[in-house]
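Contents: one structure, followed by commentary.
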Amino acid sequence: MSDAATFGAERLLGLTPEQREAVTSNARRLVVRATAGSGKTHVLTLRIERRVLDGELAPDQVLAMTFTRKAGDELRRRLWRAGVRDVAAGTFHRAALSLVSRYREDHHLRPLALEPHRRRLVSALATQVREAGVVDLEEWQLPRVELEIGWALSQGLGGAGYAKAVRRTRREAPLAPAITAELIDRYVGLCRSRGALDFDLLLAEAVALLRDEPDVRAAFRHRYRALFVDETQDMNPLQFSLLRQMAGDDPDLFCVGDPNQSIYGFNGASPSLMREIVETWPDTVVLDLTRNHRSTAHIVAVASTLLEPGVRTIEPAKDDGEVPVVRAFDTDEAEARAVVAWLVARHHAQSPWRSMAVLARTNAQLEVVGAALEAAGVPFERRGPEHSPASDLGTEGGRRPDESERDAVALSTIHRAKGLEFAHVATVGWTEGQLPHYGATTPTQLEEERRLAYVALSRAESSLLVTWSRGRNDPRFADRSPSRFLTPVEEAIADIAAREAPLEGEARRARLRAIRAELEESVRRLEEAGGAPGPRV
């Protein structure tokens, strides 16, 4: 293991001043707002490494939390390569499971019964409320009821709290608010009667133990002296409640995330919670990482048009590169064939298929692209489920398929692609009703759709294609219209093209005259200063 001096000389080399400050700051509490491609996970890893090697923390005093198994695995791998062992790293759900399981074991209680499939419990609930004469839920209603129960629990709400929240926010509920509120309370009661917890109730149980059991709280805070949270923008209110109970009044806390990539509103996530961290612990230092090391300058410029007004300008670390392209087509099939042709044109020894991705708002949009790839003989693979708490707990039903390393184009929803990067990205289906999705009706939902569009564009490193189809062979859509998000994108592309267009005619002659005048003025000033005269132009 390298010593701290070696760490300082070698590991900090190549960091930007902002990254270096995030790694080396002596502040007890830090929130780092990091743009796409700014190396936020790298910075978090280096900060853990630096503090361990400097002797500020023992590895087993560190708890690092994120939101997917893949992210937790990657964090552990990075620390392992750096020679840092025994750091607890995983999802919020893994941390909650460890805490609750240890409590039950210490108190000789029945082992935890964790139900990874909420649908099973919701189906049992449907039977219960039908027999009780509350409501007769149809099979097609169950997925929407399941999502609504999950949203309520992620907000830390019971039935009464849910009913108030619906009235206050004018949330569109699948059933009358009073009925949904009763379903929420009955669902929680059903879980308790079965001795089972779903993943949200697991988090709630951990929150209750830390809040109500002083010994549990003291033992946890004695064991974990420092808390680190990656991808903080994905946190929902229930997870924030858990973090607050873990942290206490004077935590050693480091949080990093990008509010512009907060796209899990269906899970209750909100970018406002990054601000709430600062409001909860007012002396928290806030740093910004605004340099994008992933994408070319042109891609950064185009993607930045979808950022919320007032966000600090993103600085590209790479040269201009290819100008992104927007294309429209009459049919989905024509769109898919054009995307395949675009990918094929970029395929060579230094640009394998696995460096490419096709991203869409929904899985259904990827079907026609998959068919076109198959017809062209291009290998592809579908990416597995994302942002699932089951993926981190070793439960059979929630195991995440291993991402294969074969050379294949990735087909993925935008949600699944967050956190990934590809040299060449085609993103399809940019129409009203698809992106933004027709289900997004409130200002908050539309803002999340805009962030989702930003995530799609910012996955690209070298080249970017954005497409949409009028759907003229689809009887469900008489004539689709382009996404509202395309307007600023196309304006940015037009501006880039205008700047790079070769000058002709009088514009070219005027430019040459200006260059000649600048050179003559430089020569004159040099002569006046006593320098050697230069050649006349």
Side-chain angles (χ1 to χ4, degrees), residues 36-37 260-261 263 292 294-296 298-307 321-329 331-346 353-370 372-373 378 380-383 386 408-437 440 448-471 480-493 496:
N260 290 301
Q261 296 186 69
I263 58 174
N292 184 310
R294 172 189 300 155
S295 306
T296 64
H298 285 340
I299 292 174
V300 170
V302 170
S304 296
T305 64
L306 296 179
L307 294 177
E322 287 187 37
V323 179
V325 177
V326 175
R327 291 288 182 267
F329 303 90
T331 68
D332 295 350
E333 288 74 18
E335 179 184 22
R337 289 193 299 269
V339 166
V340 172
W342 186 82
L343 296 172
V344 169
R346 280 154 179 75
W353 296 120
R354 64 176 174 271
S355 69
M356 308 178 189
V358 181
L359 309 181
R361 175 64 176 82
T362 66
N363 280 305
Q365 294 169 278
L366 295 170
E367 297 298 335
V368 65
V369 179
L373 288 167
V378 176
F380 66 94
E381 65 180 9
R382 299 293 293 267
R383 292 302 171 102
E386 84 293 338
V409 175
L411 291 189
S412 175
T413 64
I414 304 170
H415 283 99
R416 292 173 182 167
K418 190 175 77 68
L420 304 180
E421 55 190 40
F422 303 90
H424 313 288
V425 170
T427 175
V428 303
W430 282 53
T431 65
E432 290 293 308
Q434 293 181 315
L435 185 65
H437 193 265
E448 181 161 313
E449 293 291 302
R450 179 187 54 76
R451 294 194 295 268
L452 194 61
Y454 169 73
V455 167
L457 301 183
S458 60
R459 300 309 92 198
E461 298 174 344
S462 302
S463 64
L464 174 65
L465 173 66
V466 184
T467 66
W468 66 280
S469 159
R470 298 179 181 90
R480 299 187 191 126
S481 59
S483 168
R484 69 193 70 185
F485 303 138
L486 277 178
T487 299
V489 166
E490 292 181 308
E491 289 174 352
I493 291 174
I496 292 170

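Hydrogens, waters and symmetry mates are skipped; everything else that's a heavy atom, side chains included, is used.
For the side chain to side chain contact (heavy atoms under 4.5 Å, CB included) test, residues two or more places apart in sequence or in another chain that qualify with Ala328 are Trp468, Arg470. The side chain to side chain donor-acceptor pair (under 3.5 Å) check on Thr296 picks up nothing, with sequence neighbours excluded. Residues meeting the side chain to side chain donor-acceptor pair (under 3.5 Å) test with Thr362, sequence neighbours left out: Gln365. In this structure Glu367 satisfies the salt bridge (charged side-chain N to carboxylate O under 4.0 Å, His left out) test together with Arg382, sequence neighbours excluded. Evaluation of the salt bridge (charged side-chain N to carboxylate O under 4.0 Å, His left out) rule for Arg327 yields no partner, not counting sequence neighbours. Shown here are the ring-ring contact (aromatic ring centres under 6.0 Å, His included) partners of Trp353, two or more places apart in sequence or in another chain: His347. With sequence neighbours excluded, the residues forming a salt bridge (charged side-chain N to carboxylate O under 4.0 Å, His left out) with Glu322 are Arg346, listed by chain and number. Listed by chain and residue number, Arg294 satisfy the salt bridge (charged side-chain N to carboxylate O under 4.0 Å, His left out) test with Glu421 (two or more places apart in sequence, or in another chain). In this structure Ser355 satisfies the side chain to side chain contact (heavy atoms under 4.5 Å, CB included) test together with Ser351, Pro352, Ala423, His424, sequence neighbours excluded. Evaluation of the side chain to side chain contact (heavy atoms under 4.5 Å, CB included) rule for Ala453 yields Leu306, Trp430, Leu435, Phe485 as partners, not counting sequence neighbours. Scored by the side chain to side chain contact (heavy atoms under 4.5 Å, CB included) test, Ile493 finds Val302, Val323, Pro324, Val326, Val489 as partners (sequence neighbours excluded).
Residue pairs meeting the salt bridge (Lys or Arg N to Asp or Glu O under 4.0 Å) criterion with at least one partner in residues 355-366, sequence neighbours excluded, are Arg361-Glu449.
Between Leu359 atom CG and Leu411 atom CG the span is 9.0 Å, to the nearest 0.5 Å. Here the CD-OG distance, from Gln434 to Ser469, works out to 7.5 Å after rounding to the nearest 0.5 Å. Remark: Ser463 OG to His298 NE2 distance equals 12.5 Å, nearest 0.5 Å. Here the CG atom belonging to Leu420 is positioned 9.5 Å from the NZ atom belonging to Lys418, to the nearest 0.5 angstrom. If you take CG on Leu457 and OG on Ser295, they are separated by 9.5 Å, rounding to the nearest 0.5 Å. Taken from CD in Glu491 to OG1 in Thr487, the straight-line distance is 6.5 Å, to the nearest 0.5 Å.
When atom types are taken as modelled, the side chain of Asn292 and the backbone of Ala36 share a donor-acceptor pair closer than 3.5 angstrom.
Here the closest non-hydrogen pair linking Leu452 and Ile414 is O-CG2, 3.4 Å. The two residues Ala301 and Ala492 have their closest heavy-atom pair at O-CB, 4.4 Å. Closest heavy-atom contact between Ser458 and Ala303: N-CB, 4.4 Å. Closest of all the heavy-atom pairs between Arg484 and Pro436 is NE-CG, 3.6 Å.
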Could you walk me through whether Tyr454 and Gln261 pass the side-chain contact (heavy atoms from CB on, under 4.5 Å) test, one step at a time?
CA-CA 8 Å; Tyr454 169 73; Gln261 296 186 69; 4.2 Å; yes
Going through the distances and angles, do Leu465 and Thr427 end up as a side-chain contact (heavy atoms from CB on, under 4.5 Å)?
CA-CA 6 Å; Leu465 173 66; Thr427 175; over 6 Å; no
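Here the side chains of Val325 and Val466 are not in contact, with every heavy-atom distance at 4.5 Å or above.
Salt bridge annotation for Arg480-Glu432: absent, with no cationic side-chain nitrogen under 4.0 angstrom from a carboxylate oxygen. Between Glu381 and Arg383 there is a salt bridge, since at least one side-chain N of the basic residue sits less than 4.0 Å from a carboxylate O of the acidic one.
Looking only at atom types and distance, the side chain of Asn260 has no donor-acceptor partner in the side chain of Arg450 under 3.5 Å away.
If you run side chain to side chain contact (heavy atoms under 4.5 Å, CB included) between Leu343 and each of Leu373, Val378, Val425, only Leu373 comes through.
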